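Working notes, beginning with the structure itself.
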Amino acid sequence: MTPLEMLLESVGAEADPNSHGRQMPSHWGHKKLNIVSQSSPTGTQLLQAVGCAEAGYRIKLVKELKRRVKRFRNDEVVYVSFGDGTTSEGEFWEALNTACNLKLPVVFLCEDNGYAISVPLEVQTAGGDISRLVKGFPNLYRQQCDGTDLIESVAVMRRAVDNCRKNRGPSFVHAKVIRPYSHSLSDDERLYRPDEERTSDAEHDPIKRFGALLVKEGIANQDELQQLKDEVDREISEAADLALASPQPAPETATDFVYSPTVDPTSKEFDTEDSVELSGNSGTMVDLINRCLHTEMRRDSRVIVFGEDIADCSREKFLDKVKGKGGVFKVTANLQREFGSVRVFNSPLAEANIVGRAIGMATRGLKPVVEIQFFDYIWPAYHQIHNELALMRWRSGNEFSAPVVMRVPVGGYLKGGAIYHSQSGVTVFTQIPGLRVVYPSNALDANGLLRTSIRCEDPVLFLEHKHLYRQAYNKSPYPPDEFMIPFGKVRTVREGTDLSIITYGALVQRSVVAAREAEKQGVSVEIIDLRTLNPYDWNAIAESVTKTSRVIVAHEDSLSWGYGAEIAARISSELFEYLDAPVRRVGALDTFVGYAPQLEDAILPQSADVLRAIRELHAY
């Protein structure tokens, strides 16, 4: 990377190849140099590096992938660097675990300057030596070096890369380095580092040391070194002038590349719903999701499926002796049997590991479809989802993308799911720019929306309500293999004239039951199933509300600060003149879901709650 390219980032220039003016300095990314866009969060890059290397590992094993994935090389190695403070992050250990387990060609470089901002090494690391702590990892080639010695550093790194290229597994280089200045402009190291410590660091300045070595070996004299310094100063000065003159991005480009600029999952290209012909016996939501996964994996060899317990049997020698797991809800049953363990495999019990690796694979051109076993346990991966996955395209100015699909069982109404198997906090994800959020309520929609999710080029959170997995009322015959439903298109479940219900997920059927009861009392209720929560179909909502003039927004999540609040606020703001009554919301109590059935029924919204809201709003 040239001085000009570095300085273009420093001034936020549009021509900056790192982020096109979107990230602060020293957040590197360069498509031509294979430097994947990096961010500020500490340690998230480690799992992505493992995912990049794992993509290469799996590409080597699938012949068709070598033709499908661009810029793949048989001898490629992934380099990832981090500071000593980063080794305190769980994702550091998760990355080492997977890299060693799969013997991936990753060079881990720990640049150990003894401080994580102001926190010294002995406070961060048990025993004060990370090399001692990683000693037990198998297949890990470990080396230590003086990182301020250029000759020693080059020799060590050559051995590390050579080890990876010989398929021996990952390499770990622990380099003792200095920090010649404060951590950042907002940090003053004089507040916590004594003068003698900083002076000692200055004596180990690698530029000074190398200059002295050149003179000692007779390679250059002091005048020649000064000429080199002057030449460097001139080059940097010229680059600085060019960078300062380079224009910043135009304000109107701020929303460019939040989503793919070339593949639009809301377009007619993804809409085959109206002409679909169904066939065969009716299948559950589980059946039709499973069918979609099978057909899409046959269609595109880049689709890789992994997660906790999703394989049929990790120990392949037992496959003929067992029925197979295929996920705790059997959604991925028989995928491993048909497509093999290279494309369908189990992950460690670590959600950040799943999403972080998937990001790395996606940046290399694969199409990971991963499963988080329960929505309630997605939170360790939230850091990767919010700060990495959803941001990859935007922060790199469309240089990189990570079109990962995350399938996640969600929701309550399980009669015993209790606190940690009944959560449904979708709002936490719908507010993330760059992330599509999909929430089907029936088998047919699940099939079509999952196919769109896999074929689109944006990251997708695909929520599958556990209570709806095997309900008889939402079953459907099978659609053809090209069946797709576009994002941002509602399904009108029930036509009505007196009142509209805007809903999704498990509240769709509960609203239908309530509407039937209301109809007996002369109230005509229209029900709109959103199907996708980001984006959502505002035009259909507006059309329904202007027709009925009364509206209820119903969802399973807690009432306060829930998804319905945004819909209700927008209706009140933009459709106020069409309303004959206040917008009404129906949701769960502002608490957690209890274990006792009677308690769960009181906490989660029921058909009776929807019916009560219908009556009260109609009578307003």
Side-chain angles (χ1 to χ4, degrees), residues 273 276 278-294 326-333 371 373-376 407-418 421-424 426 437-451 453 461-479 483 485 490-494 501-519 525 527-533 554-557 563 586-588 593 597-598 600-601 603-611:
E273 188 173 22
V276 65
L278 306 178
S279 62
N281 297 325
S282 291
T284 64
M285 184 183 284
V286 167
D287 297 329
L288 268 70
I289 291 174
N290 182 270
R291 171 70 70 88
C292 179
L293 290 171
H294 272 87
V328 295
F329 298 102
K330 308 298 183 186
V331 181
T332 55
E371 179 179 309
Q373 196 166 89
F374 290 96
F375 180 89
D376 316 70
R407 293 183 37 258
V408 186
V410 68
Y413 300 106
L414 300 176
K415 297 302 181 188
H421 293 80
S422 306
Q423 296 177 24
S424 56
V426 297
V437 181
V438 179
Y439 205 143
S441 67
N442 61 76
L444 185 62
D445 287 356
N447 181 281
L449 288 168
L450 180 57
R451 186 168 285 105
S453 300
L461 179 66
F462 192 86
L463 298 169
E464 304 167 5
H465 201 291
K466 301 186 293 290
H467 176 73
L468 302 179
Y469 265 151
R470 292 180 169 85
Q471 295 294 339
Y473 57 73
N474 69 9
K475 294 171 71 174
S476 170
Y478 291 85
F483 174 62
I485 298 172
V490 305
R491 180 173 66 96
T492 302
V493 179
R494 197 174 193 275
I501 297 179
I502 313 300
T503 187
Y504 61 88
L507 261 294
V508 172
Q509 179 64 17
R510 280 160 175 73
S511 297
V512 168
V513 172
R516 288 170 182 163
E517 286 299 312
E519 189 173 39
V525 178
I527 299 174
I528 301 294
D529 179 1
L530 290 174
R531 303 199 288 192
T532 64
L533 306 185
H555 57 67
E556 183 179 342
D557 219 347
Y563 183 81
V586 174
V593 179
Q598 186 171 322
E600 180 188 282
D601 287 347
I603 293 166
L604 295 178
Q606 307 297 331
S607 295
D609 300 311
V610 179
L611 180 59

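Keep in mind the model is a prediction, meaning the values are calculated, not measured. All residue numbers in this chain count up from 1 along the given sequence.
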**OP:** Indicate the atoms forming the closest heavy-atom contact of H465 with G412, along with that distance.
**Re:** CE1-O, 3.3 Å
Original post:
Got a sec, which residues hit side-chain contact (heavy atoms from CB on, under 4.5 Å) with D287, two or more places apart in sequence or on another chain?
Top reply: T284, Y478
**OP:** Could you tell me whether the side chain of T503 reaches within less than 4.5 Å of the side chain of L530, counting heavy atoms only?
**Re:** no
Original post:
What is the minimum heavy-atom distance between S279 and P477, and which atoms define it?
Top reply: O-CB, 3.6 Å
Original post:
If you round to the nearest 0.5 Å, how far is CG of L450 from OG of S453?
Top reply: 5.5 Å
Original post:
Below 4.5 Å, heavy atoms only, C-beta onward: do L507 and V610 meet side chain to side chain?
Top reply: yes
Original post:
Hey, what do you get for CZ (F375) to OG (S422), rounding to the nearest 0.5 Å?
Top reply: 12.0 Å
Original post:
G411 and S424: which non-hydrogen atoms are nearest, and at how many Å?
Top reply: CA-CB, 4.3 Å
**OP:** Grab the two heavy atoms, one from N447 and one from P479, that are nearest each other, plus how far apart they are.
**Re:** OD1-CG, 3.3 Å
Subject >> Any pair counted as side chain to side chain donor-acceptor pair (under 3.5 Å), so long as it reaches residues 508-518, sequence neighbours left out >> reply: E517-K520
Subject >> Reported CG-to-CG distance for the pair L468 and L463, which is rounded to 0.5 angstrom >> reply: 11.5 Å
**OP:** Answer yes or no: is there a donor N or O on one side and an acceptor on the other, between the side chain of N290 and the main chain of V331, under 3.5 Å?
**Re:** yes
**OP:** With salt bridge (Lys or Arg N to Asp or Glu O under 4.0 Å) as the test, would you mind laying out the steps for E464 and R470 before giving the verdict?
**Re:** CA-CA 11 Å; E464 304 167 5; R470 292 180 169 85; over 6 Å; no
Subject >> From CD1 (I289) to NZ (K330), nearest 0.5 Å >> reply: 15.5 Å
**OP:** Could you walk me through whether V328 and Q373 pass the side chain to side chain contact (heavy atoms under 4.5 Å, CB included) test, one step at a time?
**Re:** CA-CA 8 Å; V328 295; Q373 196 166 89; 3.5 Å; yes
Original post:
Would T532 and V437 satisfy side chain to side chain contact (heavy atoms under 4.5 Å, CB included), going step by step from the backbone distance to the final call?
Top reply: CA-CA 6 Å; T532 64; V437 181; over 6 Å; no
Original post:
Is L444 close to F483 at the side-chain level, that is, under 4.5 Å between some pair of heavy atoms?
Top reply: yes
Original post:
Given side chains that start at C-beta, do those of N474 and S441 come closer than 4.5 Å, heavy atoms only?
Top reply: no
Original post:
Do side-chain atoms of D376 reach the backbone of H421 as a donor and acceptor pair under 3.5 angstrom?
Top reply: yes
Original post:
Heavy-atom distance under 4.5 Å between the side chains of V426 and D557, does that happen here?
Top reply: yes
Subject >> Under the salt bridge (charged side-chain N to carboxylate O under 4.0 Å, His left out) test, residues paired with D529 that sit two or more places apart >> reply: R491
**OP:** For F329, check ring pair (Phe, Tyr, Trp, His ring centres under 6.0 Å) against everything at least two apart and list the hits.
**Re:** F374, Y469
Original post:
Less than 4.5 Å apart, any side-chain heavy atom of S476 and any of L278?
Top reply: yes
Subject >> Worked verdict on I527 versus V512 for side chain to side chain contact (heavy atoms under 4.5 Å, CB included) >> reply: CA-CA 7 Å; I527 299 174; V512 168; 3.8 Å; yes
Original post:
Do side-chain atoms of Q606 reach the backbone of D601 as a donor and acceptor pair under 3.5 angstrom?
Top reply: yes
**OP:** List in chain and number order the residues that pass ring pair (Phe, Tyr, Trp, His ring centres under 6.0 Å) with F462, two or more places apart in sequence or in another chain; answer none if no residue qualifies.
**Re:** none
**OP:** Would you name the heavy atoms of A443 and G283 that are closest together and state the gap between them?
**Re:** CB-O, 3.7 Å
**OP:** Could I get the full list of ring pair (Phe, Tyr, Trp, His ring centres under 6.0 Å) partners for Y563, not counting sequence neighbours?
**Re:** Y504
Original post:
Are any side-chain N or O atoms of H467 and backbone N or O atoms of L414, one a donor and one an acceptor, separated by less than 3.5 Å?
Top reply: no
Original post:
Does the pair V593 and L604 meet the rule for a side chain to side chain contact (heavy atoms under 4.5 Å, CB included), with working shown?
Top reply: CA-CA 7 Å; V593 179; L604 295 178; 3.8 Å; yes
Original post:
Under a 4.0 Å N-O cut-off, is there an ion pair linking K466 with E556?
Top reply: no
Original post:
Do Y439 and V410 have side chains that get closer than 4.5 Å, going by heavy atoms?
Top reply: yes
Original post:
How long is the gap from CG on L533 to NE2 on H555, to the nearest 0.5 Å?
Top reply: 10.0 Å
Original post:
Any side-chain heavy atom of L461 sitting closer than 4.5 Å to one from V438?
Top reply: no
